[in-house]
Q: 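Below is one structure. I have some questions about it.
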Amino acid sequence: MEVIDLMTPNPACCTQDTNLQAVAQMMKENDCGMIPVVDSMDNMNPIGTVSDRDITIRCVAEGKNPLDATAGDIMSQPVVTVHSHDTVVDTARKMEENMVRRIPVVDENNSVVGIVAQADLALQARKNQAYEVVQEVSKPTTSSSTV
């Protein structure tokens, strides 16, 4: 199975100049936790991502005002992507290796055409493969602390 068969197509995207309130609004309207940051809305080439966690950890927790910040101020880089015709197995492996829960899907022009999330894999992939992805991606990093 190819990624194109299970991705969410045409995801909301923003540019690095988009303010965080607008990014959060996109997340709310699209019921998602990550917005790809693209070089321009014409090219749609990914340059980063902003997740709900990025907003919380890189902005709010550091005492920055999210009303004054932009996607470019807190986006995760470099962006990890998969191609629309990559296999689900390769996508799961890339998510495991990079410990990401969501990954933008690009076409042959490197334009964002979709998003694949852990939930997509869990719904479509074999049970044990999805379990392995969730297990690997959910491992705490060495800088994480337990409460």
Side-chain angles (χ1 to χ4, degrees), residues 3-4 6-84 86-107 110-125 127-147:
V3 166
I4 197 166
L6 63 92
M7 71 180 191
T8 300
N10 305 314
C13 294
C14 69
T15 64
Q16 59 186 348
D17 298 327
T18 305
N19 71 54
L20 287 187
Q21 184 176 17
V23 174
Q25 187 65 36
M26 285 181 208
M27 289 179 186
K28 178 181 176 185
E29 290 170 0
N30 292 280
D31 190 27
C32 65
M34 188 265 289
I35 301 291
V37 182
V38 295
D39 62 348
S40 75
M41 296 308 283
D42 293 326
N43 292 336
M44 298 292 287
N45 297 137
I47 59 171
T49 61
V50 174
S51 69
D52 46 7
R53 182 171 169 79
D54 291 332
I55 293 171
T56 302
I57 301 299
R58 294 186 180 159
C59 188
V60 177
E62 291 187 10
K64 298 175 185 169
N65 184 346
L67 299 177
D68 295 333
T70 65
D73 294 333
I74 67 158
M75 68 183 177
S76 294
Q77 290 179 291
V79 62
V80 178
T81 62
V82 293
H83 291 273
S84 56
D86 285 353
T87 67
V88 171
V89 172
D90 289 340
T91 300
R93 187 174 299 118
K94 197 169 222 181
M95 291 173 79
E96 287 176 18
E97 290 169 357
N98 292 280
M99 296 186 69
V100 295
R101 292 177 172 85
R102 304 168 195 97
I103 194 165
V105 180
V106 296
D107 64 12
N110 199 42
S111 296
V112 175
V113 294
I115 297 281
V116 173
Q118 271 184 339
D120 299 321
L121 294 176
L123 292 172
Q124 296 295 325
K127 270 188 168 181
N128 58 347
Q129 179 188 357
Y131 170 78
E132 290 170 11
V133 171
V134 171
Q135 185 180 33
E136 286 301 313
V137 172
S138 300
K139 284 183 181 175
T141 63
T142 55
S143 62
S144 297
S145 61
T146 55
V147 178

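Everything quoted here is computed from the prediction, not taken from an experiment. Note that the numbering runs from 1 along the sequence shown for the chain.
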Q: Out of curiosity, T49 OG1 to D54 CG, how far, rounded to the nearest 0.5 Å?
A: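 Reported value, rounded in 0.5 Å steps: 6.0 Å.
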Q: Determine whether N43 and V38 make a side-chain contact, defined as any pair of heavy atoms from C-beta on separated by less than 4.5 Å.
A: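 With C-beta onward as the side chain, the pair stays apart.
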Q: With a cut-off of 3.5 Å and sequence neighbours excluded, list every side-chain donor-acceptor pair involving residues 22-31.
A:
{"from": "Q25", "atom 1": "NE2", "to": "E29", "atom 2": "OE2", "distance (Å)": "3.2"}
{"from": "N30", "atom 1": "ND2", "to": "M26", "atom 2": "O", "distance (Å)": "2.8"}

Q: Given the rule in the side-chain contact (heavy atoms from CB on, under 4.5 Å) test, do H83 and V3 qualify, once you have shown the distances and angles that lead to the verdict?
A: CA-CA 8 Å; H83 291 273; V3 166; over 6 Å; no
Q: Within a strict 4.5 Å, meaning less than it, do heavy atoms of the V37 and C14 side chains meet?
A: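 The answer is yes, as the side chains (C-beta and beyond) meet within the 4.5 Å cut-off.
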Q: Roughly how far, to the nearest 0.5 Å, is the CG atom of D73 from the CD atom of E62?
A: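 These two atoms lie 11.0 Å from each other.
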Q: Can you tell me how far apart CD1 (I35) and OG1 (T18) are? Round to the nearest 0.5 Å.
A: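 Interatomic distance, I35 CD1 to T18 OG1, rounded to 0.5 Å: 9.5 Å.
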Q: Any heavy-atom pair between the side chains of D120 and T8 that's under 4.5 Å?
A: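 T8 vs D120: side chains touch.
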Q: Verify, without hydrogens or angle tests, whether T81 (side chain) and P104 (backbone) share a donor-acceptor contact under 3.5 angstrom.
A: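 Not at all, since once roles are kept as given, no pair shorter than 3.5 Å links the two residues.
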Q: Tell me if a side-chain donor or acceptor on D86 pairs with a main-chain N or O of T91 at a distance below 3.5 Å.
A: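 Between the backbone of T91 and the side chain of D86 there is no qualifying donor-acceptor contact (under 3.5 Å).
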Q: So how far is it from M34 CE to R53 CZ, rounded to the nearest 0.5 Å?
A: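 The CE atom of M34 sits 14.5 Å away from the CZ atom of R53.
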Q: Quick one, M75 with I47, criterion side-chain contact (heavy atoms from CB on, under 4.5 Å). Give me CA distance, side-chain angles, the key distance, then yes/no.
A: CA-CA 9 Å; M75 68 183 177; I47 59 171; 4.1 Å; yes
Q: Taking atom CG of D17 and atom OG of S40, what is their separation to the nearest 0.5 Å?
A: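 Going from the CG atom of D17 to the OG atom of S40 covers 11.5 Å.
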Q: What's the shortest heavy-atom distance between P46 and V79, and which atoms?
A: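 Closest approach of P46 to V79: O-CG1, 3.6 Å.
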Q: With a 4.5 Å cut-off on side-chain heavy atoms, are P11 and V112 touching?
A: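 They are in side-chain contact.
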Q: Applying side chain to side chain contact (heavy atoms under 4.5 Å, CB included), can you list everything that pairs with N65, at least two apart in sequence or on another chain?
A: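 Side chain to side chain contact (heavy atoms under 4.5 Å, CB included) list for N65, sorted by chain: L67, D68.
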Q: With the side chain counted from C-beta on, respond yes when M44 and P36 share a heavy-atom pair under 4.5 Å apart, and no when they do not.
A: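 A side-chain contact under 4.5 Å is absent here.
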Q: side-chain contact (heavy atoms from CB on, under 4.5 Å) between I115 and C32: does it pass, once the steps are laid out?
A: CA-CA 10 Å; I115 297 281; C32 65; over 6 Å; no
Q: Report yes if the side chains of V80 and E97 come closer than 4.5 Å at any heavy-atom pair, otherwise no.
A: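 Of all side-chain heavy-atom pairs linking E97 with V80, none is under 4.5 Å.
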Q: Look at the side chain of S51 and the backbone N and O of G33, then say whether any donor-acceptor pair between them is shorter than 3.5 Å.
A: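 No.
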Q: N45 side chain to N110 main-chain N or O, any donor-acceptor pair under 3.5 Å?
A: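 Here the side-chain-to-backbone pair exists.
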Q: Just verifying a value: how many Å separate R102 CZ and D52 CG, rounded to the nearest 0.5 Å?
A: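 If we round to the nearest 0.5 Å, R102:CZ and D52:CG are 5.0 Å apart.
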Q: Any heavy-atom pair between the side chains of I4 and V105 that's under 4.5 Å?
A: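 No, too far: nothing below the 4.5 Å cut-off.
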Q: What heavy-atom pair brings M95 and L121 nearest, and what distance separates the two atoms?
A: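 That closest heavy-atom pairing would be SD-CD1, 3.4 Å.
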